[in-house]
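What follows is a short report on a single structure.
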Amino acid sequence: MSNIILIGPILTGKSTLADILSQKLGYPRCSVDDVRWQYYEEIGYSKEKEREIRSHSGSEGVYKYWKPFEAHAVIRILQEHKEHVIDFGGGHSVYEDSELFSKVEQVLQEERNIFLILPSADKTESLQILNEREFHAINKHFVEHQSNYKLAKHIIYTKDKTPEECAEEIISLVRCGTK
């Protein structure tokens with residue numbers, strides 16, 4: 001089997017699903033948010049530079065600064081992690097720069113099990129549900145941006161389902177894809 005990759009906005013339940021899938025399938029789990037900094041540093045990430053950017057350009061500037069590091073982390077994680085459940089951070093699958101998107105798309109091309117996790121097929125409703133959990137202004141961008149939809153091989157809608165039901169849906173799709 002190949003990796004099971006979970007992408008989507010902040011607070012969609014990717015981490016919860018990754019834990020359940022890892023336990024049910026016996027796959028090791030890799031949370032991109034837990035390991036990203038080591039990969040960022042490989043290509044020159046600097047906390048000092050981030051602080052400077054934040055003071056001058058705010059969160060939007062930091063978001064732009066992180067993008068090349070996020071793409072690098074995705075590439076490196078996929079090189080080093082095979083047959084894992086991998087849950088991306090909310091921004092690790094969203095790229096405005098076409099070159100960065102192309103690099104990530106290329107490394108994910110062979111992965112069959114990429115699941116976009118959203119509350120609802122209705123983007124407005126998804127955003128409303130996510131904002132009720134905790135407001136993150138960037139989530140509107142993550143819900144609407146085409147990157148997630150282009151990268152995903154499947155979309156799992158979580159509204160009115162337990163995490164266990166969503167995990168079973170993912171497992172069923174993974175098993176169908178291996179036949």
Side-chain angles (χ1 to χ4, degrees), residues 2-15 17-18 29-47 49-54 56-82 84-124 126-127 129-131 134-158 170:
S2 65
N3 289 316
I4 297 171
I5 300 171
L6 308 176
I7 64 174
I10 300 165
L11 293 173
T12 58
K14 299 180 301 290
S15 295
L17 284 170
R29 177 179 171 220
C30 175
S31 173
V32 174
D33 281 343
D34 290 345
V35 299
R36 65 185 173 150
W37 302 110
Q38 72 188 56
Y39 296 108
Y40 289 14
E41 289 170 2
E42 287 179 348
I43 61 167
Y45 167 79
S46 161
K47 284 187 180 195
K49 183 165 184 169
E50 179 182 323
R51 278 193 285 272
E52 181 184 317
I53 291 169
R54 187 176 301 280
H56 293 108
S57 305
S59 296
E60 187 175 320
V62 171
Y63 175 78
K64 290 177 183 175
Y65 174 63
W66 278 359
K67 287 288 116 184
F69 302 110
E70 290 176 339
H72 176 75
V74 167
I75 293 164
R76 294 285 288 120
I77 287 165
L78 290 170
Q79 288 171 342
E80 294 185 358
H81 295 81
K82 305 295 182 200
H84 276 67
V85 176
I86 303 172
D87 52 301
F88 281 26
H92 287 92
S93 55
V94 177
Y95 297 91
E96 294 72 28
D97 179 283
S98 61
E99 285 184 41
L100 289 177
F101 178 75
S102 181
K103 287 178 183 180
V104 170
E105 185 178 39
Q106 186 174 11
V107 76
L108 288 171
Q109 189 172 23
E110 298 302 315
E111 297 287 345
R112 295 185 313 264
N113 300 309
I114 304 172
F115 295 89
L116 173 57
I117 311 301
L118 289 170
S120 170
D122 180 287
K123 292 178 184 178
T124 301
S126 280
L127 187 59
I129 291 167
L130 294 172
N131 286 341
E134 184 179 319
F135 180 76
H136 290 271
I138 194 72
N139 255 352
K140 182 176 190 325
H141 181 64
F142 291 163
V143 167
E144 295 176 350
H145 201 276
Q146 78 267 1
S147 289
N148 278 323
Y149 301 93
K150 287 182 178 180
L151 294 174
K153 304 290 184 356
H154 309 277
I155 302 177
I156 302 297
Y157 299 111
T158 60
I170 291 169

Sequence neighbours excluded, the answer for side chain to side chain contact (heavy atoms under 4.5 Å, CB included) partners of Lys153 is Ile114
Checking Glu50 now: which residues fulfil salt bridge (charged side-chain N to carboxylate O under 4.0 Å, His left out) with it, not counting sequence neighbours? Arg54
State yes or no: are the ring centers of Tyr40 and Trp37 separated by less than 6.0 Å? yes
Partner residues of His154 under the side chain to side chain contact (heavy atoms under 4.5 Å, CB included) criterion, sequence neighbours left out: Phe115, Leu173
Taking side chain to side chain contact (heavy atoms under 4.5 Å, CB included) as the test, write out the residues that go with Ser15, two or more places apart. Arg29, Asp87
Quick one: which residue pairs count as a salt bridge (Lys or Arg N to Asp or Glu O under 4.0 Å) with a foot in residues 97-109, not counting sequence neighbours? none
Between Tyr149 and Lys123, is there a cation-pi geometry (under 6.0 Å to ring centre, at most 45° from the normal)? yes
Considering residues at least two apart in sequence or located in another chain, which fulfil the ring pair (Phe, Tyr, Trp, His ring centres under 6.0 Å) criterion with Tyr157? none
Asn148 side chain vs Val94 backbone, donor-acceptor pair below 3.5 Å: no
Once side-chain hydrogen bond (donor to acceptor under 3.5 Å, both in side chains) is applied, do any residues pair with Ser46, and if so which ones, sequence neighbours excluded? Glu48
Using the salt bridge (charged side-chain N to carboxylate O under 4.0 Å, His left out) criterion, which residues pair with Asp122? Sequence neighbours excluded. none
Under the salt bridge (charged side-chain N to carboxylate O under 4.0 Å, His left out) test, which residues partner Lys64, sequence neighbours left out? Glu60
With sequence neighbours excluded, what pairs up with Glu144 under the salt bridge (charged side-chain N to carboxylate O under 4.0 Å, His left out) test? Lys140
Partners passing side-chain hydrogen bond (donor to acceptor under 3.5 Å, both in side chains) against His81 (at least two apart in sequence or in another chain): none
For Gln79, what residues pass the side chain to side chain contact (heavy atoms under 4.5 Å, CB included) criterion, not counting sequence neighbours? Ile75, Arg76
